[in-house]
Amino acid sequence: MSQDQVAAIAADAQVEKTRARYGLFAIIASNLAIVVVASVGVWRLHGDKSVVVGILTAAFTAVSSMTTAYLGIKAISNTAKSLAQQVQQIQQVQPGSKASTPATPSPASVSAPAQPAA
């Protein structure tokens with residue numbers, strides 16, 4: 001592996017760490033904001049139980065949905081990156097292999113549409 005490739009891999013790893021750090025920070029900050037807003041809403045309602053239950057339910061739903069979405073997207077992203085690296089390693093081991101590309105028909109192999117019989 002050349003020094004350029006090693007530097008590119010190190011830079012890519014640093015970018016991923018930064019994305020993960022700031023993504024997690026955004027989720028934590030959003031969840032804290034939801035908790036603060038829900039707490040203020042409960043405090044301002046002075047014990048109206050039916051509305052308090054609605055506020056707490058909505059807050060819990062928002063927190064759990066955002067956290068689950070972030071973790072799911074991060075997991076899929078990590079899996080896709082891992083698979084891409086495995087494919088790249090396999091292609092480096094087999095220098096004659098080509099990357100999988102969709103087959104496109106050549107103009108010669110495409111036939112003209114059939115004319116309807118009159």
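Computed from a prediction, not measured in an experiment: that's the story for all the values here. Numbers for residues simply follow the sequence, beginning at 1.
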Peer 1: Considering only heavy atoms from C-beta outward, does the side chain of Q89 approach that of V93 to under 4.5 Å?
Peer 2: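 No; the side chains remain at least 4.5 Å from each other.
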
Peer 1: Would you tabulate the side-chain donor-acceptor contacts of residues 50-66 under 3.5 Å, counting partners in other chains and residues two or more places apart, or write 'none'?
Peer 2:
from : atom 1 : to  : atom 2 : distance (Å)
T57  : OG1    : V53 : O      : 2.7
T61  : OG1    : T57 : O      : 2.8
S64  : OG     : F60 : O      : 2.9
S64  : OG     : T61 : O      : 3.2
S65  : OG     : T61 : O      : 2.8

Peer 1: Could you go through the side chain to side chain contact (heavy atoms under 4.5 Å, CB included) check for V35 and S39 one step at a time?
Peer 2: CA-CA 6 Å; V35 168; S39 299; 4.1 Å; yes

Peer 1: How would you list, by chain and number, every residue that makes a side chain to side chain donor-acceptor pair (under 3.5 Å) with T67, sequence neighbours excluded?
Peer 2: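 Scan of T67 (side chain to side chain donor-acceptor pair (under 3.5 Å), adjacent residues dropped) gives N31.
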
Peer 1: Which value, rounded to the nearest 0.5 Å, describes the distance between T68 atom OG1 and I27 atom CD1?
Peer 2: 9.5 Å

Peer 1: Nearest 0.5 Å, please: how far is CG in N78 from CG in L83?
Peer 2: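 Reported value, rounded in 0.5 Å steps: 11.0 Å.
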
Peer 1: Would V42 end up clustered with V37 when hydrophobic side chains under 4.5 Å apart are linked, directly or stepwise?
Peer 2: no

Peer 1: Using a strict threshold of under 4.0 Å (side-chain N to carboxylate O), is an ion pair present between K74 and E16?
Peer 2: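 Salt bridge: yes.
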
Peer 1: Using a 3.5 Å distance criterion without hydrogens, assess whether the side chain of S77 forms a donor-acceptor pair with backbone atoms of I73.
Peer 2: no

